[in-house]
Structure formats: structure tokens, C-alpha cells
Engineer: 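Next up is a structure, given as C-alpha cells.
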Amino acid sequence: MSNYIALTKILLKNSLTSFTNKKGKKKSSKIKNIALTALIFISLLPLAGTIGAAVWAAYPIFKAIGQEGLIFASGLMLVSMMILFFGIFYVMNVFYFSKDVESLLPLPLRPSTIMAAKFTVTLLYEYLTELLFLAPIIIAFGIVSKAGIIYYIYSLIGFLTLPVIPLVNAGIINMVLMRFTNISKNRDLFRIIGGVLAMLAAVLVNVKSQSFFNGFDDPEQIKAMLMQGNNSLLDFITGIFPANKLLALALVNSTNIKGLVNILIFVGISVLFTALFLTLGETLYFKGLVGISETKSKRRKITSEQFEKSVVKSSAIRSCTIKELKLLFRTPVYFINCVMTNFLWPVIFLIPFFANSENGKGLSDLQALVKYGSYEGIILAVAIAAILFASGANGITSTAISREGENIFVSKYLPVSYHDQIMAKVLSGVALGLVAMTSMLAAAIILTMPALYMIIFILFTGILAVLFTSLAGILIDLNFPKLHWDNEQKAVKQNMNVLVHMLVSVVAAAIIVLPVIFLKLNVWVVFTAIIVVFGFADTVLYGLIKAVGTKLFEKIEA
Amino acid sequence: MIEIKNVSKSYNGVIKAVDDLNITVPDGKIIGFLGPNGAGKTTTIKMITGITKADTGSISINGINIAENALEAKRQFGFVPDSPDMFLRLKGIEYLNFMADIYNVDVATRKQRIRELAERFDMESVLSDQIQSFSHGMRQKIVIMGVLVHSPSVWILDEPMTGLDPRSSFLLKEMMREHADSGRTVFFSTHVLEVAEKLCDKVAIINKGKLQFYGTMEEMREHFKTDDSLEKIFLEMTENE
């Protein structure tokens with residue numbers, strides 16, 4: 001137990017310093033960091049507020065039909081799904097690919113002690129997710145239903161225990177994968193495959209839940225279920241997390257004994273899950289770890305053909321850009337987070353059409369919309385908004401400096417100007433942003449067959465939009481580089497810059513779309529406006545990089 | 001040639017990592033840079049290579065000031081950092097080609113140099129593998145090859161022997177000697193005093209940021225009026241006062 005506490009403290013300290021990145025920082029950058037954290041917190045408030053408001057509005061309706069438990073059930077399912085989905089990647093990195101694993105292995109610690117400590121740290125991170133998505137539901141429900149103190153005690157217990165089951169699930173999936181597959185010898189490939197599988201699982205769940213809601217088409221069935229009252233619909237919505245039903249029941253029955261029984265069973269099940277996880281870990285964890293740092297290698301003499309192909313001359317800036325792209329494609333965490341999404345956007349957009357029960361109807365509606373001339377302005381604006389979002393959400397330029405980590409010093413002694421090094425990073429972002437744009441555009445062309453001039457409009461304005469997000473992203477990372485991390489995941493996932501980057505592109509998208517909708521602007525006006533506004537913004541951002549960015553880069557030290 | 005004049009550097013405005021350092025590394029010589037852990041060796045090397053800025057004083061390489069004309073100064077030297085764990089997901093050959101691009105080496109020359117270096121360092125069979133599959137010593141070798149591929153006149157190496165097998169270590173020492181004998185400069189830090197004693201034309205010893213001694217081995221023995229080994233002199237000089 002004392003080992004567990006000591007280890008947890010160390011791991012926690014380690015991950016907190018890497019989170020705040022305070023090592024040897026000057027006062028001014030500390031202030032900058034605090035300001036950034038405050039900005040993110042404030043910008044997330046509307047989301048939390050919206051969730052709370054929705055609960056507030058929904059409560060009387062659901063209460064009237066005796067189904068108020070549904071409010072919790074859907075919130076709990078959403079949070080559990082998120083924890084499971086992100087947990088698969090998270091556990092993979094924290095338990096298996098984190099650099100600290102190799103220094104922990106020689107220590108006289110039981111596998112379950114290491115696992116328990118790592119599990120605790122992971123759990124603490126999940127509470128942040130819950131704070132945003134679950135806390136508003138709990139608070140709004142508590143206020144609107146005039147709940148007593150017991151409700152809040154149960155809520156707190158539920159809040160603390162909820163992530164356990166999905167995280168254990170994610171952990172067991174990983175342990176089994178790592179133990180019983182030999183692909184871990186090639187860990188990069190394994191991680192990419194694991195990431196793709198997890199993505200597919202998420203897409204599947206998405207499709208499944210959409211078709212579930214469509215399954216509500218049979219009015220007689222719903223009526224029958226509704227008439228039962230007494231939260232009878234809970235079974236439907238707790239889905240793959242049946243235990244969540246207990247928590248939902250506990251929260252709606254906090255005034256009677258049923259609540260106490262349910263919360264006790266829920267906590268009991270969570271404890272059992274943890275015990276199962278740790279027991280399994282005793283036999284599986286270390287066996288999955290052995291050989292984890294081995295990498296694939298051929299150890300074959302390079303052929304002269306290969307040699308001739310590899311040894312070619314390029315300019316320094318081109319060479320730096322290619323290097324960036326190679327690292328993005330070859331590092332699994334970067335590939336999954338920054339690269340793959342660019343190719344996936346069309347698929348993500350298509351799901352609603354294929355999940356729809358009346359196949360093709362949504363599509364023909366959309367085609368009609370595109371053909372009908374008076375919406376062209378809005379369509380162009382929405383297309384640019386989508387491109388802004390997609391190229392901002394990949395987080396390539398907003399983590400480009402962070403991804404260098406402690407090796408940032410290398411860029412200081414190479415004889416390439418800071419301007420060129422920054423621009424190489426921007427160009428790698430632009431390249432993948434254009435991939436996102438082209439894949440979405442290609443899907444849109446095939447599905448909706450827009451007019452040629454619309455395609456040309458989107459292409460021209462889209463390039464400026466991609467440039468905008470790429471330039472904005474690098475400026476964010478130049479200001480807040482996160483260089484101290486012990487696994488690559490921390491450079492791109494636990495990096496607030498990505499969130500800020502997304503925020504910037506969402507705001508830019510809103511600035512485009514809202515006036516077009518309200519002023520009903522004509523497509524030519526929209527086209528000209530985007531060219532002028534983004535042409536100007538891109539020039540300003542580039543000027544900023546030249547004037548301020550290079551100086552910031554010079555000051556960055558790991 | 002490297003000229004370090006009145007250079008000081010402190011961290012957080014308190015701890016003086018380097019204190020009024022003056023060293024001139026002449027052409028045609030191998031200079032060993034010695035000092036206990038935390039003496040200021042790596043900070044000095046970071047300032048010479050432009051990784052960090054000196055608070056005061058000036059540093060120039062082949063007469064070019066690193067603070068005023070950074071790019072041109074950086075083209076003068078090749079640098080082997082103390083940790084070779086970089087660009088791990090590039091293949092060996094890709095890394096060498098990248099370095100050749102950065103230093104603008106023409107294709108024919110880079111091909112010839114890569115072939116020669118791969119053969120000398122016995123790295124031919126790993127060039128098409130990613131650097132992350134390399135052992136520590138092999139990583140060290142690929143970084144050294146990345147420096148030699150652009151044939152810089154000044155070599156700056158931070159603990160270059162760490163992790164090298166005896167053959168590669170011997171080879172590197174031989175190459176350092178050749179390089180200096182051809183009239184160019186080698187400046188390297190090391191903890192291995194035997195290497196310094198046998199290989200270096202001059203040694204610079206730094207402790208607590210201050211230069212304790214700079215000169216040849218003979219000058220040192222004369223100075224301390226002793227026939228002791230470098231190890232003994234070093235231990236006495238860097239003893240905690």
C-alpha cells in the first residue's frame with residue numbers, strides 16, 4: 001500500500017509538471033499560461049452551461065412521464081463512451097508506451113502496484129472530462145428537482161466511481177491485445193492498428209446509437225414503454241454499460257432506500273471490476289510489456305537502388321517539411337491524432353446518410369439543396385467553415401513545436417533560419433489541411449454534384465482558409481510550446497494548444513457563416529469577402545510570424 | 001578556430017553556470033574540455049553552438065560571431081550532442097540525407113561520403129532501418145556520420161565516446177587526429193581522462209563555471225610542479241574547497 005501511494009505521488013507529480021510545463025519558466029510565460037488556462041475554462045463554460053440548461057428544460061417533461069432517469073442515463077452513457085474511447089488510447093500510452101515503464105520494471109514492485117498507481121493517475125484525468133460533461137447535469141438536475149443533501153452525496157460518489165468501469169474495460173482490452181499478439185514487436189504498427197480499431201469501434205457505436213434512435217419509429221412500442229413510467233426506458237439507453245442504470249436509479253431515488261441499495265451495488269461492482277483488473281494484471285501486465293521497446297529492423301545492407309533513391313538533394317526548407325511529414329506519418333500517436341482524421345472527414349460526414357433508416361432520402365434532399373441556386377452563398381460559407389474546422393482540428397501546426405520535445409535544441413544549432421524552420425512546420429500543416437479539404441470536396445462532388453464554378457470557388461477560398469488555420473496554429477504553439485513530455489501522447493493530446501487552435505477555427509468559421517445566413521449574401525459577395533478577409537488575415541499572420549514568431553522561437557528552450 | 005571571450009551565463013539570474021570564460025581554440029589542435037558534473041561544460045558548448053545565448057561576452061567560430069551572424073557561424077561547425085536520441089523515426093539513410101540537405105552538400109559528394117562513412121563505421125547494414133531500432137552506440141555513430149557528411153572545419157563534440165564500442169571509439173579518435181592534423185579544429189568534452197591525456201594537444205579544465213587551467217599536459221605538470229597523472233591533478237584541482 002505504501003508503495004502504491006509513493007508511486008502514485010511520483011507519477012502524479014511527473015504528469016502535472018508536464019501539464020503545466022513550469023520547469024525553469026519565466027514569470028511572463030507563467031502569466032501567459034494562466035491566461036491561457038483561464039481562456040480555455042471560460043470558453044468551455046458555454047458548453048457546460050448548455051448541457052445544464054438542456055437538463056433544466058428537459059426535467060419537467062421527463063418527470064411528467066416518470067422517465068426522468070433517462071436524463072442521467074444518457075449523460076452517463078455519453079461520459080462512459082467518451083472515457084472508453086479515449087481510454088483505449090490513453091491506457092495504451094500510459095501503461096505500455098510511456099517511457100517511465102522501463103525504469104519501473106527493474107524496481108521491486110508488484111505488477112498490480114504499478115497498475116494501481118497508473119490507474120489512479122488516469123482516473124484523475126477522467127474527472128476533468130466529467131467536470132465538463134457530467135457535473136452540469138448533476139447540478140442542474142439537483143437544483144430543478146430540489147434534491148436534498150443525500151442526492152449530492154450520491155452524486156459525488158457516482159462522479160468518483162463512474163469512470164472506473166469504462167477505464168477497466170479499456171485496460172483489459174489493451175492487456176489482452178498486448179499479451180496475446182506478437183505484433184507488439186513492431187510497436188508502431190501495433191499502435192496504428194490499435195488506433196484504427198478503436199476509431200472503427202467508435203464509428204460503429206456511433207452508427208449503432210443513431211440507428212437505435214431511429215428504431216423509435218414504432219409508436220405503439222414507445223407508447224407501451226412510456227406508459228409503464230417508473231424509468232422503464234433506462235434499459236434502452238444504458239446500452240453497453242448496464243451498471244450505469246444502477247447509478248441513474250440511485251440518483252433519481254435518493255430519497256428512498258432504493259437509492260441507497262443501488263448506489264451500494266454500483267460502487268460494489270466498480271470495486272469488483274478494479275479487483276478483476278488488478279488480478280488479471282498480475283499475470284498479464286508484465287508479460288505484455290516484455291519486448292515493448294523492441295522495434296522492427298531488417299538489418300540488411302542497403303541496395304544501391306535504395307541508396308540512389310534515398311540520396312537526393314532538396315532545399316533545406318523542403319527537406320525540413322518532408323522530415324515533419326515523415327515523423328507525422330510514422331509516429332503512431334501523431335498519425336492517429338493529426339493525420340488520419342484528415343482522411344476520415346468524408347466518412348464521418350457520410351455516416352448520418354447511411355445510418356438513416358430511409359436510405360438516400362437525406363442525400364436527395366441535399367442534392368436538391370445544392371442545385372437550388374439561392375443557397376449557394378450559404379453552401380460556400382459552410383464549406384469554408386468545414387475546411388476551417390477540419391484543418392484546425394488536426395492540431396498539426398499547433399503542436400509542431402511541442403512535438404519536438406526536449407530535442408528542440410537540435411533546431412537551434414542547425415544552420416537553417418528560424419523563419420524557414422517555422423515555415424516548414426506550417427507547410428506540413430498546409431499539406432495535410434489540403435488533404436482534408438480535397439477528401440471532403442471529393443466526397444461532396446460525388447454525392448451532391450455541385451456546379452463547376454462552386455468547386456472552383458471552394459478550392460480558392462479553401463486554400464486561404466487552410467493557410468489561415470496553419471499560420472494561426474503555429475503562432476499558438478510558438479507562444480505556448482509544451483516540450484516536457486514522457487510520451488508522445490502528451491505532446492498532442494494533453495496539449496491545450498490543440499483546444500485553442502480548434503477554438504480559433506470555430507470562431508473563424510462562425511464569423512464566416514453567421515453574417516452569410518443573416519444577411520442572405522449572394523455567392524459572389526461571399527466569395528469576394530472570403531478572399532479579401534482571409535487574404536488580409538493570412539498576410540497579417542505571416543507578418544506576425546516573421547516579426548514576432550522567429551524571436552519567440554529563438555527564446556524557446558527545453 | 002573558436003574564440004570564447006569573457007563569456008558568462010547564469011540561470012534564473014542567480015546560479016552562475018559559466019563565469020567570465022576565456023578560451024581560444026586554435027586551428028590544427030584537439031582541445032579536451034574537462035570538468036566535474038555540473039561544472040558548466042554543456043552550458044559552454046550550448047553557447048558555442050548557438051543553442052543558448054551568452055549573457056555577456058562574445059563567441060566566434062572561424063572569426064564569425066555566433067550572436068551576430070548565427071547562420072554563417074553555424075555552417076562552420078558540426079556538432080555531436082551528448083544524447084544521440086533524435087530523429088528516431090527517420091531511417092539512417094534519411095537522416096544522413098537530411099543533414100546533407102541542411103548543409104547544402106552536392107549529390108555526388110554526399111553519396112561518396114555516406115558510402116565511405118558507412119563502411120568505416122560498419123553501418124552499411126542498418127542504413128535502411130529506423131534510428132529507433134539502433135543501439136546507443138549505433139545512434140552515436142549515425143549522429144557522428146551526420147556531422148562528417150558535411151565536412152565541417154570545426155568539430156564540436158559533447159562526450160562523443162559514450163556508448164561507442166572499442167573499435168568505433170578508436171576510429172573516432174583516429175579521425176579526430178586526422179582532422180586536427182589537416183589544420184582544422186576539434187573541441188570535445190569528456191570525462192575519460194585517459195582519452196584526454198593521450199589524444200588532446202591542450203586541455204581546458206572548468207569547475208563551478210570558472211576556467212581552472214588551459215594549456216598542454218607539459219604546461220600543466222610544470223604549473224603544478226608534479227609528475228602526477230592528469231587524473232590526480234584533475235581530482236586535486238576540482239576538489240570542493
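Chain letters run A, B, ... following the sequence lines, proteins first, then strands; residues in each count from 1. Only heavy atoms go into these numbers, but all of them, side chains included; no hydrogens, no water, no symmetry mates.
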Engineer: Which distance, rounded to the nearest 0.5 Å, do you find between the OG1 of B/Thr52 and the CD of A/Glu554?
Structural biologist: 10.0 Å
Engineer: For A/Lys412, does its backbone N or O pair with a side-chain atom of B/Lys74 as donor and acceptor, under 3.5 Å?
Structural biologist: yes
Engineer: Does any backbone or side-chain atom of B/Met99 lie under 4.5 Å from a heavy atom of chain A? Answer side chain, backbone, both or neither.
Structural biologist: side chain
Engineer: Which one wins on heavy-atom pair count under 4.5 Å against chain A: B/Gln76, B/Met123, B/Lys53, B/Lys111?
Structural biologist: B/Lys111
Engineer: Suppose we screen for salt bridge (charged side-chain N to carboxylate O under 4.0 Å, His left out). Which residues come up paired with B/Arg113, at least two apart in sequence or across chains?
Structural biologist: none
Engineer: Checking heavy atoms, do the side chain of A/Glu404, its backbone, both or neither come under 4.5 Å from chain B?
Structural biologist: neither
Engineer: Can you say whether A/Tyr418 sits under 4.5 Å from chain B via the side chain, the backbone, both, or neither, judging by heavy atoms?
Structural biologist: side chain
Engineer: Taking the side chain as C-beta and beyond, is there a heavy-atom pair between A/Cys320 and B/Ile102 under 4.5 Å?
Structural biologist: yes
Engineer: Could you check whether atom NZ of B/Lys5 has more than 12 heavy atoms from other residues, nucleotides or ligands sitting under 6.0 Å from it?
Structural biologist: no
Engineer: Which one wins on heavy-atom pair count under 4.5 Å against chain A: B/Asp85, B/Leu71, B/Thr49, B/Ile66?
Structural biologist: B/Leu71
Engineer: What part of B/Glu94 lies closer than 4.5 angstrom to a heavy atom of chain A: side chain, backbone, both or neither?
Structural biologist: side chain
Engineer: Roughly how far, to the nearest 0.5 Å, is the CG atom of A/Leu327 from the CG atom of B/Leu88?
Structural biologist: 9.5 Å
Engineer: Please report the shortest heavy-atom distance between B/Tyr103 and A/Tyr413, naming the atom on each side.
Structural biologist: OH-O, 4.1 Å
Engineer: Tell me the closest heavy-atom pair linking B/Leu90 and A/Lys323, and the distance in Å.
Structural biologist: CD1-CG, 4.1 Å
Engineer: Please check if atom OH in B/Tyr11 has more than 12 non-hydrogen atoms from other residues, nucleotides or ligands closer than 6.0 Å.
Structural biologist: yes
Engineer: Measuring from B/Phe98:CZ to A/Lys326:NZ, what's the distance to the nearest 0.5 Å?
Structural biologist: 10.0 Å
Engineer: Considering all heavy atoms of both residues, which atom of B/Ser128 and which atom of A/Arg300 are nearest to each other, and what is their separation?
Structural biologist: OG-O, 3.6 Å
Engineer: Would you call B/Arg89-A/Glu488 a salt bridge at under 4.0 Å N-O?
Structural biologist: yes
Engineer: Hey, which of A/Val416, A/Asp420, A/Leu414 has the most heavy atom pairs under 4.5 Å with chain B?
Structural biologist: A/Leu414
Engineer: Which value, rounded to the nearest 0.5 Å, describes the distance between A/Phe307 atom CZ and B/Glu124 atom CD?
Structural biologist: 10.0 Å
Engineer: Heavy atoms under 4.5 Å from chain B: which residues of residues 308-317 of chain A carry them?
Structural biologist: A/Glu308, A/Ser310, A/Val311, A/Val312, A/Lys313, A/Ser314, A/Ala316
Engineer: Supply the atom-to-atom distance A/Ile302 CD1 to B/Ile114 CD1, rounded to the nearest 0.5 angstrom.
Structural biologist: 8.5 Å
Engineer: Of the backbone (N, CA, C, O) and the side chain (C-beta and beyond), which part of B/Lys91 lies under 4.5 Å from a heavy atom of chain A, both, or neither?
Structural biologist: both
